[in-house]
Amino acid sequence: MFTQKDSQMEFEWIMRHRLPDILSRIHSYLTTSIACTNSQRQTLAITAPNNDMVKGVVTIDGCSLVKGELNIKLPHYNRGQPLKVALNPTTTYPLSQLSSFRDCMHLALTQVEAIQQIIIIPERKSGEEGAAAEQELSEEYDEGEVESTWIYNQFNALSKVVHDAVKMLSSVDEEKLFPIRENDGKFFAPELSNDLVIEFYMANPSSLAVSIYAIAYHQHAIPLQIQSQILSRFKQMKIETYKGNPIEILDEVYLECKIPNLSHLENDLQGALGLCESVVDLLEALR
């Protein structure tokens with residue numbers, strides 16, 4: 001039968017022989033994850049698959065787009081003529097998901113380092129001095145200065161922070177996207193007209209998403225019923241509300257492109273999560 005004393009001995013063994021290495025590996029994963037989002041310019045190709053509706057490039061530097069140019073050719077916009085748009089060179093286009101992700105990673109790294117300071121055993125020394133250090137550590141455990149419940153809660157909390165960071169890069173709040181969020185055409189030069197919306201955001205931990213919408217505002221001089229009858233001939237058009245006004249979405253394009261520097265980010269994050277969960281499972285078995 002597994003007694004309380006057996007549980008304590010097992011916990012002490014985990015503290016001495018498993019947690020130092022696990023914490024070191026988690027620290028490495030988190031440090032690498034932060035480093036790949038540091039300032040380092042990369043140029044990404046933006047191309048619509050199987051058609052020429054969108055072609056161009058953007059340059060990402062850290063958590064922002066600093067340069068970009070797109071050639072857009074939409075069926076129902078600008079009479080189907082090509083349109084060239086560029087990011088405003090006097091400002092940067094922020095990728096808020098990446099910024100929030102970095103904040104989460106720094107928080108997780110701080111948590112790991114705090115745990116390390118408390119539980120990492122000093123480098124073992126030989127002879128009597130080494131034996132004394134081991135005896136002192138055992139007494140600390142016996143006195144309950146480092147309890148399994150505390151470690152369990154710390155790794156649970158750490159796992160949640162990393163999981164939240166992954167979620168930040170895998171989804172974006174609808175409130176931050178069209179049509180709920182109003183597009184800021186000043187990020188482009190020349191400034192975008194009110195009937196064209198272009199958005200950049202993270203689609204997943206290693207991909208940038210680009211959404212483009214051509215819209216038409218309802219004409220107040222024409223009754224909405226008549227406008228709907230006219231526009232109903234175009235089955236692909238959608239009715240939305242934007243800036244408090246009813247609109248029709250004439251064209252809609254969604255693209256994704258890989259960010260090379262972030263190609264290993266998801267694996268690193270899953271590695272950190274897996275290690276956190278392994279500690280939780282180990283300690284759960286001792287409870």
Side-chain angles (χ1 to χ4, degrees), residues 41-61 64-89 91-98 169-174 176-219 227-228 230-243 245-263:
R41 292 200 172 198
Q42 301 174 85
T43 299
L44 314 175
I46 307 293
T47 305
N50 306 320
N51 60 60
D52 61 350
M53 286 198 295
V54 181
K55 290 184 178 180
V57 294
V58 295
T59 300
I60 184 173
D61 189 2
S64 302
L65 298 179
V66 296
K67 187 179 179 180
E69 187 175 285
L70 298 177
N71 292 297
I72 302 170
K73 185 178 181 181
L74 304 176
H76 304 102
Y77 185 78
N78 199 33
R79 298 181 179 179
Q81 297 300 310
L83 177 69
K84 186 176 181 179
V85 299
L87 288 174
N88 192 334
T91 186
T92 60
Y93 191 106
L95 299 173
S96 59
Q97 292 160 278
L98 275 178
L169 297 184
S170 302
S171 61
V172 58
D173 293 338
E174 291 185 2
K176 296 181 180 180
L177 296 177
F178 171 86
I180 299 176
R181 179 179 179 271
E182 294 186 9
N183 185 58
D184 190 348
K186 294 181 180 179
F187 284 118
F188 299 85
E191 185 174 337
L192 293 183
S193 60
N194 289 331
D195 58 358
L196 184 64
V197 176
I198 301 177
E199 297 177 319
F200 298 94
Y201 51 94
M202 296 300 295
N204 56 59
S206 62
S207 297
L208 178 72
V210 185
S211 292
I212 301 174
Y213 303 90
I215 63 178
Y217 292 87
H218 283 294
Q219 302 299 316
Q227 292 186 52
S228 297
I230 295 173
L231 293 171
S232 65
R233 292 178 298 171
F234 304 98
K235 302 298 185 182
Q236 68 273 33
M237 294 182 183
K238 301 177 183 178
I239 300 176
E240 296 282 358
T241 299
Y242 182 56
K243 296 182 179 181
N245 298 307
I247 62 167
E248 298 284 346
I249 298 179
L250 308 179
D251 295 299
E252 181 177 352
V253 181
Y254 175 82
L255 305 170
E256 289 184 15
C257 61
K258 292 292 184 181
I259 303 175
N261 276 7
L262 305 185
S263 59

Subject >> side-chain hydrogen bond (donor to acceptor under 3.5 Å, both in side chains) between Y77 and D195, intermediate numbers included >> reply: CA-CA 9 Å; Y77 185 78; D195 58 358; 2.9 Å; yes

**OP:** Enter the distance from E182:CD to N194:CG here, rounded to the nearest 0.5 Å.
**Re:** 9.5 Å

Original post:
Roughly how far, to the nearest 0.5 Å, is CD1 of I60 from CG of N261?
Top reply: 8.5 Å

Original post:
In Å and rounded to the nearest 0.5 Å, what is the CG to CG distance from L70 to L83?
Top reply: 9.5 Å

Original post:
Between L208 and L65, is any pair of side-chain heavy atoms under 4.5 Å apart?
Top reply: yes

Subject >> Side-chain heavy-atom pair T92, D61 within 4.5 angstrom cut-off >> reply: no

Subject >> Over all atoms of both residues, closest heavy-atom pair of A48 and M53 >> reply: CB-N, 4.5 Å

**OP:** Mind listing the closest non-hydrogen atom pair of P89 and A189 along with its distance?
**Re:** CD-CB, 4.1 Å

**OP:** List the atom of Q97, the atom of L169, and the distance in Å for their closest heavy-atom pair.
**Re:** O-CD2, 3.8 Å

Subject >> Student check: side-chain heavy atoms of D251 and P75 closer than 4.5 Å >> reply: yes

**OP:** Answer whether the closest heavy-atom distance between the side chains of V66 and R41 falls below 4.5 Å.
**Re:** yes

**OP:** Over all heavy atoms of both residues, which pair between S206 and L262 is shortest? Give the atoms and the distance, please.
**Re:** CB-O, 3.3 Å

Subject >> T47 and L255, any side-chain heavy atoms less than 4.5 Å apart >> reply: no

Original post:
Are the side chain of E199 and the backbone of F178 linked by a donor-acceptor contact shorter than 3.5 Å?
Top reply: yes

Original post:
Roughly how far apart are T241 OG1 and I180 CD1, rounded to 0.5 Å?
Top reply: 10.5 Å

Original post:
Between F188 and Y93, what is the ring plane arrangement, given parallel below 30°, perpendicular above 60°, and tilted in between?
Top reply: perpendicular

Original post:
How about K84: does its NZ atom have over 12 heavy atoms from other parts shown lying under 6.0 Å from it?
Top reply: no

Original post:
Given the rule in the side-chain contact (heavy atoms from CB on, under 4.5 Å) test, do N183 and L192 qualify, once you have shown the distances and angles that lead to the verdict?
Top reply: CA-CA 9 Å; N183 185 58; L192 293 183; 3.7 Å; yes

Original post:
From T59 OG1 over to E69 CD, what is the distance, rounded to the nearest 0.5 angstrom?
Top reply: 10.5 Å

**OP:** Taking the side chain as every heavy atom from C-beta outward, state whether Y213 and I247 have any atom pair closer than 4.5 Å.
**Re:** no

Original post:
Quick one: does F187's side chain get under 4.5 Å of I198's, heavy atoms only?
Top reply: no

Original post:
Which pair of heavy atoms, one from S207 and one from M202, lies closest together, and at what distance?
Top reply: O-CE, 3.5 Å

**OP:** In sequence, state the C-alpha distance, the side-chain angles, and the governing distance for N51 and K73, and then conclude on side-chain contact (heavy atoms from CB on, under 4.5 Å).
**Re:** CA-CA 10 Å; N51 60 60; K73 185 178 181 181; over 6 Å; no

Original post:
Which heavy atom in C257 sits nearest to a heavy atom in A45, and how many Å separate them?
Top reply: CB-O, 3.5 Å

Original post:
Could you walk me through whether I212 and L196 pass the side-chain contact (heavy atoms from CB on, under 4.5 Å) check?
Top reply: CA-CA 7 Å; I212 301 174; L196 184 64; 4.1 Å; yes

Subject >> Between NZ on residue K258 and CG on residue L44, distance to nearest 0.5 Å >> reply: 12.0 Å

**OP:** Would you mind reporting whether Y201 and K176 have side-chain heavy atoms less than 4.5 Å apart?
**Re:** no

